[in-house]
Participant: 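Would you mind keeping the following structure in view while I ask a few things?
FYI, the numbering just counts along the sequence from 1.
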Amino acid sequence: MFIDPKKATIAPSADVPLPRERAVIWVLWLTYGAFYFCRTNLSAAAKDMTLPLEKGGLDLSKEQVGYILASLKIAYGLGQGLNGQLAERFSPRVLLALGMLGSAALNVLFGLGTGFYFLLFVWACNGYAQSLGWTPCMRVVANWVPVFRRGRAIGLIGTGYQVTLGLTFLVATWAVQWQGWRAALFVPAGLLTLTAIFMLLVLDESPQDHSSANQAADHPRAYPASRPGSFFDNIILTLQNPALWLLGLSLGLLNACRFGYLDWGLTHLQEVQKSPIGESGVKYALLPVGAVAGVYLAGWATDRFFGGRRAPVICLLLLVLAGLTPLYHTAAREGGSWVIPLLMVIGFCIYGPQVLLVGTAPADLARRGTSAAAAGFVNFLGYMGAAAGDVVTGRVLDKETWGWQVAIYVWAGWALVAALAAALLWNATARADR
């Protein structure tokens, strides 16, 4: 590998990451993936929360459950906007630990609660704790990985939350079947706590991290260090970047569709197919199988076939998602065996573009020194879309004359418009000043 010590850059021919870089990527793979134990687990409890009190539920309407689910997205999105700036200045390891341990504690508190407004507040607080995950991880990636390998690196990290998403569906649904809906909060909280302890022990934030000083001389930064601008300057640079607004719009619409599946998919199968929660969980645990392939192959394809252009892959996969969503509902309603393979392909089409929109494309199109801020801003817009999607889905489902048929077509429409927004960035590549 050729390194110019004066410019602190890695020659483009150095296409193979160093061992320490690979180790950091795998730690981030597990760290961010573990956040999903305490983010998507509520979907396993959603249906039982609408049961009457005498049956162990909370007597909530679907619209109220939708507001609770949306509260996490709103707080998460607001937190992304703030934490994208904080991650430029404070220790990523400390921010990650605060987020992981805080989220675990809030899940336990939610599982002990009963009142709607109390649960709304606690789940919103959990959203902020969850927002301490992605942008610190992106800061560590920016410290370790050069731009010409970043698509594959973030794609690999993105497969982590597909694996834990599948595990969450399995663990949370079987916990509900075994001990009731509150167990869907308690068991994942324990798993997240254990992962937080591991992360604190092993994560190196940068090649110059004090815990990896011996390796620092062998692994200079992937690009020259830049002094971060002021908090206000970073906000201005971010808001004045029209490409980030388009990425956020596309991500918001995709997230509305994505969380239709993640937050309401188990309820959909239980009500349409009349299947028990454990069986529905097994089916949905296979959605991330396709997602893992989509996350990794989407990032690889943009680097290999499109010269670093992310929008073509994003747009094409979203168009396929829009077409498959009504087909999936038909398969579920008719009880066909093709529900499972359809879920796997849908997972591929959701998470391939999602990981590009949430990390790779913002890092490419951000101005230098604001990669975490850009990711935070795009995530903010993305989760505002997710919150609106949860509320709309809940309201549609509460209307007897609409129900699942209308909800599914709404999800498909969101995916279609997301594809159109991404198409406006078809030829966009990494900025020259990156």
Participant: Evaluate side-chain contact (heavy atoms from CB on, under 4.5 Å) for Val145 paired with Glu21, printing each intermediate quantity in order.
Facilitator: CA-CA 7 Å; Val145 184; Glu21 180 185 321; 3.8 Å; yes

Participant: If I take atom CG from residue Leu106 and atom CG from residue Asn126, how far apart are they, to the nearest 0.5 angstrom?
Facilitator: 5.5 Å

Participant: List, one per line, each side-chain donor-acceptor pair under 3.5 Å for residues 107-117, sequence neighbours excluded.
Facilitator:
unit_1	atom_1	unit_2	atom_2	d
Asn107	OD1	Asn41	ND2	2.8
Asn107	ND2	Cys38	O	3.3
Asn107	ND2	Ser103	O	3.0

Participant: Step through the shown structure and confirm whether more than 12 heavy atoms of other residues, nucleotides or ligands are within 6.0 Å of CZ on Phe186.
Facilitator: yes

Participant: Can you tell me how far apart CG (Leu28) and CZ (Arg139) are? Round to the nearest 0.5 Å.
Facilitator: 12.5 Å

Participant: Is any side-chain heavy atom of Cys125 less than 4.5 Å from a side-chain heavy atom of Tyr128?
Facilitator: no

Participant: Looking at Asp398 and Glu63, would you say the former's side chain and the latter's main chain have a donor-acceptor pair under 3.5 Å?
Facilitator: yes

Participant: Salt bridge (Lys or Arg N to Asp or Glu O under 4.0 Å), that's the test. Do Glu271 and Lys62 meet it? Break it down for me.
Facilitator: CA-CA 13 Å; Glu271 293 185 353; Lys62 285 187 173 71; 3.0 Å; yes

Participant: Are Thr173 and Tyr284 close enough, and set up right, to give a side-chain contact (heavy atoms from CB on, under 4.5 Å), and what steps lead you there?
Facilitator: CA-CA 10 Å; Thr173 55; Tyr284 255 82; over 6 Å; no

Participant: Where the side chain of Trp245 meets the backbone of Val378, is there a donor-acceptor pair that is under 3.5 Å apart?
Facilitator: no

Participant: Are side-chain N/O atoms of Tyr161 and Arg39 paired as donor and acceptor at under 3.5 Å?
Facilitator: no

Participant: Could you tell me if Ser91 and Glu205 have a donor-acceptor pair between their side chains, going purely by distance under 3.5 Å?
Facilitator: yes

Participant: Using modelled atom types and a 3.5 Å cut-off, is there a donor and acceptor pairing between side-chain atoms of Thr325 and backbone atoms of Ala322?
Facilitator: no

Participant: For Trp426, I'd like to know if atom CH2 has over 12 heavy atoms of other residues, nucleotides or ligands within 6.0 Å.
Facilitator: yes

Participant: Can you name the nearest heavy-atom pair linking Ala387 to Ile74, along with the distance?
Facilitator: CB-CG1, 3.5 Å

Participant: Going by atom types alone, do Arg333 and Gln273 pair a side-chain donor with an acceptor below 3.5 Å?
Facilitator: no

Participant: About how many Å separate CE of Met199 and OG1 of Thr31, when rounded to the nearest 0.5 Å?
Facilitator: 5.5 Å

Participant: Looking only at side chains, do Tyr383 and Ser131 share a donor and an acceptor under 3.5 Å apart?
Facilitator: no

Participant: Before giving the answer on salt bridge (Lys or Arg N to Asp or Glu O under 4.0 Å), spell out for Asp303 and Arg310 the whole-Å C-alpha distance, their side-chain angles and the decisive distance to 0.1 Å.
Facilitator: CA-CA 8 Å; Asp303 289 344; Arg310 318 301 179 185; 2.8 Å; yes

Participant: Are any non-hydrogen side-chain atoms of Val176 and Asp48 less than 4.5 angstrom apart?
Facilitator: yes

Participant: Tyr328 vs His268 aromatic rings, parallel, tilted or perpendicular, using cut-offs 30° and 60°?
Facilitator: tilted

Participant: Which heavy atom of Ala285 sits nearest to which heavy atom of Gly166, and what is that distance?
Facilitator: CB-O, 3.6 Å

Participant: Hey, what's the ring geometry for Tyr261 with Trp411, parallel, tilted or perpendicular (30° and 60° as the breaks)?
Facilitator: tilted

Participant: Does a side chain donor of either Trp414 or Asn255 reach within less than 3.5 Å of an acceptor in the other side chain?
Facilitator: no

Participant: Start with the C-alpha distance between Cys137 and Ile157, add both sets of side-chain angles, then the distance that settles side-chain contact (heavy atoms from CB on, under 4.5 Å), and finish with yes or no.
Facilitator: CA-CA 9 Å; Cys137 286; Ile157 293 168; 5.7 Å; no

Participant: Can you find a pair of side-chain heavy atoms, one from Leu318 and one from Leu416, that are under 4.5 Å apart?
Facilitator: no

Participant: Calculate, to the nearest 0.5 Å, the distance between atoms OH and CZ belonging to Tyr76 and Phe35 respectively.
Facilitator: 8.0 Å

Participant: Contact between Val282 and Trp174 at the side-chain level, heavy atoms closer than 4.5 Å - yes or no?
Facilitator: yes

Participant: Within a strict 4.5 Å, meaning less than it, do heavy atoms of the Phe37 and Val171 side chains meet?
Facilitator: no

Participant: What is the minimum heavy-atom distance between Gln177 and Gly278, and which atoms define it?
Facilitator: OE1-N, 2.8 Å

Participant: How close do Pro362 and Leu244 get, counting heavy atoms only, and between which atoms?
Facilitator: CA-CD2, 4.1 Å

Participant: So do the side chains of Leu42 and Ile68 get within less than 4.5 Å of each other, counting heavy atoms only?
Facilitator: yes

Participant: Using distance only, find each side-chain donor-acceptor pair of residues 187-197 under 3.5 Å and give its atom names and separation, not counting sequence neighbours.
Facilitator:
unit_1	atom_1	unit_2	atom_2	d
Thr193	OG1	Ala189	O	2.9
Thr195	OG1	Leu191	O	3.0

Participant: Less than 4.5 Å apart, any side-chain heavy atom of Leu357 and any of Leu254?
Facilitator: yes

Participant: Which residues pass the salt bridge (Lys or Arg N to Asp or Glu O under 4.0 Å) test with Lys47, not counting sequence neighbours?
Facilitator: none

Participant: In Å, rounded to the nearest 0.5 Å, how long is the span from OG1 of Thr168 to CG of Leu262?
Facilitator: 10.0 Å

Participant: So do Leu165 and Phe169 actually touch side chain to side chain, heavy atoms under 4.5 Å?
Facilitator: yes

Participant: Is the side chain of Thr164 donor-acceptor paired with the backbone N or O of Tyr36 at a distance under 3.5 Å, no angle test?
Facilitator: no

Participant: Between Phe305 and Trp300, does the ring centre distance come in under 6.0 Å?
Facilitator: yes

Participant: With side-chain contact (heavy atoms from CB on, under 4.5 Å) as the test, would you mind laying out the steps for Leu287 and Tyr351 before giving the verdict?
Facilitator: CA-CA 10 Å; Leu287 183 149; Tyr351 280 97; 4.2 Å; yes

Participant: Can you measure from CG (Leu78) to CE (Met384) and round to the nearest 0.5 angstrom?
Facilitator: 5.0 Å

Participant: May I ask you to decide whether Lys73 forms a salt bridge with Asp263, counting only side-chain N to carboxylate O separations under 4.0 Å?
Facilitator: yes

Participant: Taking all non-hydrogen atoms of both residues into account, name the closest pair between Pro136 and Pro92 and its distance.
Facilitator: O-CB, 3.7 Å

Participant: Grab the two heavy atoms, one from Met344 and one from Leu286, that are nearest each other, plus how far apart they are.
Facilitator: CG-O, 3.3 Å

